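Bear in mind that the values here come from a model prediction, so they are computed numbers and not experimental data. The chain is numbered in sequence order, starting from 1.
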Amino acid sequence: MSLHTALVTGASGNLGKAVVQTFAAHNFQVYAFVHHIKQNDIPSNYITPIALDLLNEAACSNQVQAIAQSNGSIDVAVLTAGGFAMGNIADTDSKAIQQQIQLNFETAYHIARPVFLQMLQQKKGHLFFIGSKAGLDTRHANGLTAYGLSKSLLFRLAEVMQAEAKGTDVVIKVIVPTIIDTPQNRADMPNADFSKWTTPEAIAAIIVEQAIAAPTNGEMVVV
């Protein structure tokens with residue numbers, strides 16, 4: 001019996017690492033997409049690191065197709081790659097918006113599109129985007145203009161995909177984390193109440209739980 005297959009982008013980040021490790025612990029064959037493979041990115045029985053430029057659409061499509069052909073299917077994709085930028089409208093020109101769209105939307109779309117097409121052929125699969133409160137509700141985007149706009153596109157893309165996947169067991173979900181407890185966030189907000197934050201491991205556990213559950217209609221998952 002072949003292993004279930006999971007693709008994870010941003011696998012070198014705090015959340016990405018947790019997602020990779022959690023899926024591997026559940027005996028998924030995990031393809032961990034990173035920008036550059038480091039010495040500690042060693043393949044294991046369940047984890048295969050792959051260097052991939054997520055802004056190269058053709059390379060992303062070719063890599064997804066190769067994985068699908070090798071494994072017969074792609075069961076899960078979790079797209080954690082992205083970036084953050086602060087700035088109100090006065091501080092945000094169109095170049096800043098385009099940079100955030102590249103980091104948060106294009107890097108997701110270049111993997112999501114071929115994965116989604118593969119899942120439509122299979123008529124099943126789980127595709128997870130990582131949204132944000134700033135992208136979900138503009139009231140949380142004050143001072144985060146470019147970031148909020150770029151993240152909002154992921155919610156619209158999920159809606160379009162949900163409509164196209166109607167009648168199949170292809171599930172599209174957007175994870176909307178609260179503040180993630182990472183060393184970077186602690187350094188940026190040293191006076192915050194860390195007990196109210198969510199760990200990458202807790203988010204990863206919820207994603208895996210959602211992925212192995214029976215298919216349900218696409219929805220947001222706030223964690």
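Checking T9 against T80 by side-chain atom types alone, no donor-acceptor pair falls below 3.5 Å. In summary, the side chains of Q65 and S61 do present a donor paired with an acceptor at a separation below 3.5 Å, with no hydrogens or angles considered.
A side chain to side chain contact (heavy atoms under 4.5 Å, CB included) with I50 holds for exactly one of V34, I67, L7, I37; it is I67.
Residues Q63 and F33 have side chains in contact (heavy-atom distance under 4.5 Å, counting atoms from C-beta outward). Annotation: side chain of N14 is in contact with side chain of Q184 (closest heavy-atom distance under 4.5 Å). Looking at heavy atoms from C-beta onward, P177 lies in side-chain contact with I180 at the 4.5 angstrom threshold.
Under a hydrophobic clustering in which Ile, Leu, Val, Met, Phe, Trp and Tyr are joined whenever their side-chain heavy atoms come within less than 4.5 Å, directly or via other members, I97 and Y109 fall into the same cluster. Hydrophobic clustering (side-chain heavy atoms under 4.5 Å, transitive across Ile, Leu, Val, Met, Phe, Trp, Tyr) keeps F84 apart from L55. L15 and Y147 sit in two unconnected hydrophobic clusters of ILVMFWY residues. Membership requires side-chain heavy atoms under 4.5 Å apart, directly or through other members. No continuous path of ILVMFWY side-chain contacts below 4.5 Å connects L154 to L103, so the two sit in separate hydrophobic clusters. Cluster membership check: I212 shares its hydrophobic cluster with V30, using side-chain heavy-atom separations under 4.5 Å among Ile, Leu, Val, Met, Phe, Trp and Tyr.
To the nearest 0.5 Å, atom CZ of residue F128 and atom CD1 of residue I206 are 11.0 Å apart. Taking CD from E201 and OG1 from T199, the interatomic distance works out to 5.0 Å, rounded to the nearest 0.5 Å. Here CD1 of I101 is found 9.5 Å from CG of N104. Values are rounded to the nearest 0.5 Å.
For the pair G10 and A81, the tightest heavy-atom approach, listed with the atom from each and the gap, is N-CB, 3.7 Å. Residues H35 and A51 approach most closely at O-CB, 4.0 Å, considering heavy atoms. For the pair I47 and Q21, the tightest heavy-atom approach, listed with the atom from each and the gap, is CD1-NE2, 3.8 Å. Contact detail for V78 and V76: the closest heavy-atom pair is CG2-CG1, 3.9 Å. Across every non-hydrogen atom of V170 and M119, the tightest pair is CG2-O, 3.3 Å. Summarising the geometry of A85 relative to L144, their closest heavy-atom pair is O-CD2, 4.0 Å, with the distance given to 0.1 Å.
In this structure a side-chain-to-backbone donor-acceptor pair under 3.5 Å is missing from N185 to D181. No side-chain donor-acceptor contact under 3.5 Å links D75 to the backbone of G125. The backbone N or O of N88 lies less than 3.5 Å from a partner atom in the side chain of T92, making a donor-acceptor pair. In this structure a side-chain-to-backbone donor-acceptor pair under 3.5 Å is missing from T48 to Y31. Judged purely by atom type and a 3.5 angstrom limit, K151 uses its side chain to pair as donor or acceptor with the backbone of I130. Between the side chain of N71 and the backbone N or O of S73 there is no donor-acceptor pair closer than 3.5 Å. With hydrogens and angles disregarded, no donor-acceptor distance shorter than 3.5 Å links the side chain of T138 to the backbone of A141. Using a distance-only test at 3.5 Å, with no hydrogens or angles considered, a donor-acceptor pair links the side chain of H26 to the main chain of T22.
Taking a cutoff of 4.0 Å between a charged side-chain nitrogen and a carboxylate oxygen, D137 and R139 qualify as a salt bridge.
Within a 6.0 Å radius of CE in M189, more than 12 heavy atoms belonging to other residues, nucleotides or ligands are found.
Applying the ring pair (Phe, Tyr, Trp, His ring centres under 6.0 Å) criterion to F116, with sequence neighbours excluded, gives no partner residue.
Sorted by first and then second residue, the pairs that involve residues 120-130 and meet side chain to side chain donor-acceptor pair (under 3.5 Å), not counting sequence neighbours, are Q118-Q122.
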